[in-house]
Amino acid sequence: MAQAIEEWYKQMPVITRSYLTAAVVITIGCSLEIISPYNLYLNPKLVVKHYQFWRLITNFLYFRKMDLDFMFHMFFLARYCKLLEENSFRGRTADFFYMLLFGASVLTGIVLIGGMIPYLSASFARIIFLSNSLTFMMVYVWSKQNPFIHMSFLGLFTFTAAYLPWVLLGFSVLVGASAWVDLLGMIAGHAYYFLEDVYPRMTGRRPLKTPSLIKALFADEDVVVAQPANVRFAPPPAEELHRD
């Protein structure tokens with residue numbers, strides 16, 4: 001059993017493995033009171049006035065208590081982060097990292113701007129960890145890129161992947177969880193999907209092109225497609241046509 005888990009862990013792509021490891025270590029550390037969540041949560045005043053910039057990252061790594069909800073989000077993190085990195089972003093680790101960076105920036109911006117809007121500021125002030133939202137963003141992007149895959153929810157009913165975010169949102173509401181967290185993830189996911197997949201098809205321009213600095217951080221492997229032997233993709237030379 002332990003060997004199977006070790007093999008499963010080693011076979012994860014680098015971004016998924018790194019994110020999952022950081023999330024589990026930090027959440028366990030907080031549960032054991034080795035790390036304090038008060039040093040991790042998103043606090044704009046502490047970031048700006050006291051230069052605690054690490055909060056812009058650590059608030060995406062803490063998943064609250066070690067309970068069923070934690071296991072639920074770890075499953076979705078491991079599954080959909082891995083599916084995206086191994087399929088849609090295969091051989092494009094830098095692009096996948098940039099997608100997560102974009103999503104984290106959008107989520108942070110929404111919370112900061114929302115905290116300044118009257119009547120909404122109180123709701124946004126309660127959102128101090130965005131880890132669940134970033135996970136939900138990955139689910140949303142995957143569902144948009146694989147809309148026709150058939151899925152089942154707890155064996156109760158089947159649906160296509162295009163409706164997965166809405167099914168999970170409804171489940172969150174039923175169990176009493178905050179719908180804001182999932183909605184923020186859907187907003188960030190749709191922003192990425194539109195700018196990366198829809199807008200380029202409409203205009204021929206790609207606004208989310210990965211910066212060269214980020215590409216330099218990752219040595220992406222080229223995806224090689226083997227060609228069958230003895231297959232011609234152009235007419236043979238004329239001399240071969242007239243050869244006896």
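When reading the values below, keep in mind they use all heavy atoms of this one structure, side chains included, and skip hydrogens, waters and symmetry mates.
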| query | If you take all heavy atoms of Ala23 and Phe63, which pair is closest and at what distance? | reply | CB-CE1, 3.6 Å
Side chains of residues 125-137: which donor-acceptor partners sit under 3.5 Å, not counting sequence neighbours?
unit_1	atom_1	unit_2	atom_2	d
Ser131	OG	Tyr62	O	2.6
Ser133	OG	Val181	O	2.9
Thr135	OG1	Ser131	O	3.1

| field | Residue list, salt bridge (charged side-chain N to carboxylate O under 4.0 Å, His left out) with Lys10, at least two apart or on another chain | value | Glu6
| field | Results of side chain to side chain contact (heavy atoms under 4.5 Å, CB included) for Lys144 - residues two or more places apart only | value | Tyr140, His190, Tyr193
| task | Taking all heavy atoms of Val141 and all of Met99, pick out the closest pair and write down the distance. | result | CG1-SD, 4.2 Å
| Under 3.5 Å donor-acceptor, Trp142 side chain and Ala161 backbone | no
| message | For Ser36 versus Cys30, what's the shortest heavy-atom pair and its separation? | response | C-SG, 4.5 Å
| Distance from Leu112 atom CG to Leu107 atom CG, nearest 0.5 Å? | 11.0 Å
| message | Check this for me: Ile57, atom CD1, are more than 12 non-hydrogen atoms of other residues, nucleotides or ligands nearer than 6.0 Å? | response | no
| Value rounded to 0.5 Å, distance of CG in Leu40 from CD in Gln52 | 10.5 Å
| said: To the nearest 0.5 Å, what is the distance between CE on Met74 and OG1 on Thr27? | reply: 6.0 Å
| query | Do Tyr9 and Thr21 pass the side-chain hydrogen bond (donor to acceptor under 3.5 Å, both in side chains) test, and can you show the C-alpha distance, the side-chain angles, and the key distance before you say yes or no? | reply | CA-CA 10 Å; Tyr9 178 77; Thr21 302; 2.5 Å; yes
| Can you name the side chain to side chain donor-acceptor pair (under 3.5 Å) partners of Asp182, sequence neighbours left out? | Ser172
| task | Report the residues that fulfil ring-ring contact (aromatic ring centres under 6.0 Å, His included) with Phe96, sequence neighbours left out, ordered by chain and then residue number. | result | Phe89
| task | Please identify each residue that fulfils salt bridge (charged side-chain N to carboxylate O under 4.0 Å, His left out) with Arg79, with sequence neighbours left out. | result | none
| said: Between Leu164 and Tyr80, is the side-chain contact (heavy atoms from CB on, under 4.5 Å) condition met? List the steps. | reply: CA-CA 12 Å; Leu164 177 61; Tyr80 293 102; 3.4 Å; yes
| said: List the residues meeting side chain to side chain contact (heavy atoms under 4.5 Å, CB included) with Phe194, not counting sequence neighbours, and say none if there are none. | reply: Val198, Tyr199, Met202
| request: Could you list the residues that satisfy side chain to side chain contact (heavy atoms under 4.5 Å, CB included) with Ala191, not counting sequence neighbours? | output: Phe102
| field | Rounded distance [0.5 Å steps], NZ in Lys82 versus CE in Met138 | value | 14.0 Å
| Got a sec, which pairs hit side-chain hydrogen bond (donor to acceptor under 3.5 Å, both in side chains) with one end in residues 149-171, sequence neighbours left out? | none
| remark: Applying ring-ring contact (aromatic ring centres under 6.0 Å, His included) to Phe157 and not counting sequence neighbours gives Phe153, Phe159
| Any donor-acceptor pair under 3.5 Å from Ser88 side chain to Leu84 backbone | no
| remark: Residues passing the side chain to side chain contact (heavy atoms under 4.5 Å, CB included) test with Pro211, sequence neighbours excluded, are Tyr98, Ile214
| message | I need the full list of side-chain hydrogen bond (donor to acceptor under 3.5 Å, both in side chains) pairs touching residues 41-50, with sequence neighbours left out, sorted by first then second residue. | response | Tyr41-Asn43
